[in-house]
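Below: the structure, in structure tokens.
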Amino acid sequence: LPVPRCCCRDRARKKTVISSINKGTAVKSNLKISRKILLSVVLSLTLAGCSSDDDSDNADRVDRGAVLAVETPQLLDGDTVATDETFQSWASDLLKLLVDCVSEGVVYDGMKLIINQVNPRGVNPVIITYESADKDGKRLELKGALLIPTTVFKQNFPLISVQHGTQLQRLLVPSKMAPSPGNYAIQDAFEVYLGYILARAGYIVALPDYPGMGDKTSDNSGFHPYVHGRSLAISVVDMLRASRNYLGANKDNMNVSWNGQVFLMGYSEGGYVTLAAAREIQQKHANEFTVTAAAPLDGPHDLTGVMLPIMQ
């Protein structure tokens, strides 16, 4: 990690320190100790940063992405089959309405209007428990929701992973809200509502809970590695794997299949996780997934740049 530039900006202060060193061995000794402490801190931070990225290949020890359990809740409202004609009509109308709402700054009101129209027909939610790992390779069981569009004829659809923003309540996660999104405020279930819209627009939608969120928590302690890129990226990659595995295992039982395309998107913390996941796939899983496009929206992407002015 770089040492803050403010440490060496004040040339006058630097001259004073040099002068003090020349005046006495005690000051020189103290300065040597300070330098050793500073060097130790820098090395510790550097090694910690390296271990969070480079040494975390230990996370490949477990069967990451294996589907451990599946829940297929029944929707209380609406038919679950849409004709191709209806499907394409909904896709065009819903996306146009969403764009109009964003441009007018009434996203929440627009989302409510859209979800009332979707209601959420033509989409089957599947809750998946899957095997994953933390950055050190310790086995985790995580959950996520998979929203699958339904259609009368065989069709191939792209897979999009939608990463949710900062959530302070552990149970307000996709695996809990996806079966009945209408029971939750749109501010809490925004990504789930968006997921249904995207599914109706022709995407298979993966919605990971993250470690430490929902029923499945890291070490059963509930620790959530907030904006820790490697930890969260692993959970996204493994949710993509679990989604692929589920779709492959059930290809003979439904008309929907994956066309090989992968999209990533997220907002706030989800924007950061999206960027981290895109990097993780590019660096470590390029032979497995190819990201067609990623939308890391309004994430805390430069923590050092933001915090340095505050700390100075």
### Task
Drop me the distance from M213's CE to L172's CG, to the nearest 0.5 angstrom.
8.0 Å
### Query
Nearest heavy-atom pair of P125 and P73: which atoms, and what distance?
O-CD, 3.6 Å
### Message
Between I234 and S132, is there a side-chain heavy-atom distance shorter than 4.5 Å?
### Response
yes
### Query
From N156 CG over to L159 CG, what is the distance, rounded to the nearest 0.5 angstrom?
12.5 Å
### Message
Determine whether a donor-acceptor pair (N or O, by modelled atom type, separation under 3.5 Å) exists between the side chain of Y272 and the backbone of G229.
### Response
yes
### Task
Could you grab the distance from atom CG of L194 to atom CG of L147, nearest 0.5 Å is fine?
10.0 Å
### Side chain proximity check, V227 to E269, heavy atoms < 4.5 angstrom
yes
### Task
Identify whether F289 and L264 are in the same connected component of the hydrophobic contact network (ILVMFWY, side-chain heavy atoms under 4.5 Å).
yes
### Message
Nearest 0.5 Å, please: how far is OG in S243 from CD1 in I160?
### Response
12.0 Å
### Query
So does E131 pair up with R64, basic N to acidic O under 4.0 Å?
no
#### Entry: Flag for D209-S175: side-chain donor and acceptor within less than 3.5 Å
yes
### Task
Say whether, by atom type as modelled, one donor and one acceptor occur between the side chain of D302 and the main chain of G305 under 3.5 angstrom.
yes
#### Entry: Joint hydrophobic cluster, V67 plus M254, side-chain heavy atoms closer than 4.5 Å
yes
### Task
Could you please spell out the steps behind the side chain to side chain donor-acceptor pair (under 3.5 Å) verdict for Y226 and T166?
CA-CA 8 Å; Y226 187 70; T166 301; 2.7 Å; yes
### Task
Could you check if a side-chain atom of F153 sits within less than 4.5 angstrom of a side-chain atom of N255, using non-hydrogen atoms only?
no
### Query
Any side-chain heavy-atom pair from K251 and S257 closer than 4.5 angstrom?
no
### Query
Does a side chain donor of either T129 or E141 reach within less than 3.5 Å of an acceptor in the other side chain?
no
### Message
Any non-hydrogen side-chain atom of I281 less than 4.5 Å from a side-chain atom of L240?
### Response
yes
### Task
Dump the intermediate steps for side chain to side chain donor-acceptor pair (under 3.5 Å) on D238 and S235, then the final yes or no.
CA-CA 5 Å; D238 291 347; S235 70; over 6 Å; no
#### Entry: Any side-chain heavy-atom pair of L68 and Y130 under 4.5 Å
no
### Task
Give the cluster check for L207 versus L275: same hydrophobic cluster or not, with ILVMFWY residues linked at side-chain heavy-atom distances below 4.5 Å.
no
### Task
Would you name the heavy atoms of V273 and Q163 that are closest together and state the gap between them?
CG1-CG, 3.7 Å
### Task
Measure from the side-chain N and O atoms of D134 to the backbone N and O of D136, and report whether any donor-acceptor pair falls under 3.5 Å.
yes
### Message
Within the supplied structure, the quantity of interest is the number of heavy atoms (other residues, nucleotides, ligands) at a distance under 6.0 Å from E288 CD; does it exceed 12?
### Response
yes
### Message
If you compare all heavy atoms of P211 against all heavy atoms of L142, which two are closest, and at what distance to 0.1 Å?
### Response
CA-CD2, 3.7 Å
### Query
Where do V262 and S161 land on the side-chain contact (heavy atoms from CB on, under 4.5 Å) test, with the steps shown first?
CA-CA 8 Å; V262 172; S161 181; over 6 Å; no
### Query
For R170 and H224, what are the C-alpha separation, side-chain angles and deciding distance, and is it a side chain to side chain donor-acceptor pair (under 3.5 Å)?
CA-CA 9 Å; R170 185 176 303 153; H224 171 55; over 6 Å; no
### Query
Does any non-hydrogen side-chain atom of V237 lie less than 4.5 Å from one of R241?
yes
### Task
Of all the heavy-atom pairs spanning Q261 and W258, show the shortest one and how long it is.
O-NE1, 2.7 Å
#### Entry: Any side-chain heavy-atom pair of L247 and I204 under 4.5 Å
yes
### Query
In this structure, are over 12 heavy atoms from other groups packed under 6.0 Å from Y267 atom OH?
no
### Query
Is the distance between the ring centroids of Y210 and H164 less than 6.0 Å?
yes
### Summary
Looking only at heavy atoms, the pair that brings P296 and G271 closest together is CB-O, 3.2 Å
### Query
Out of curiosity, does V162 fall in the hydrophobic cluster containing I127 (side-chain heavy atoms, cut-off under 4.5 Å, transitive links)?
no
### Query
Where do A294 and T274 come nearest, in terms of heavy atoms and distance?
CB-CG2, 4.3 Å
### Query
Hey, what's the ring geometry for F263 with Y203, parallel, tilted or perpendicular (30° and 60° as the breaks)?
perpendicular
### Query
Do the side chain of N250 and the main chain of N253 share a donor and acceptor less than 3.5 angstrom apart?
no
### Gap between atom CG of L146 and atom CZ of R244 - 0.5 Å precision
13.0 Å
### Query
Any ion pair linking E71 and K143 (charged N to carboxylate O, less than 4.0 Å)?
yes
### Message
Would you say F157 ends up clustered with V126 if hydrophobic residues are merged whenever their side chains have heavy atoms under 4.5 Å apart, either directly or through other cluster members?
### Response
yes
## Note on the structure
Rounded to the nearest 0.5 angstrom, the CG-CD distance for L198 and E191 is 11.0 Å
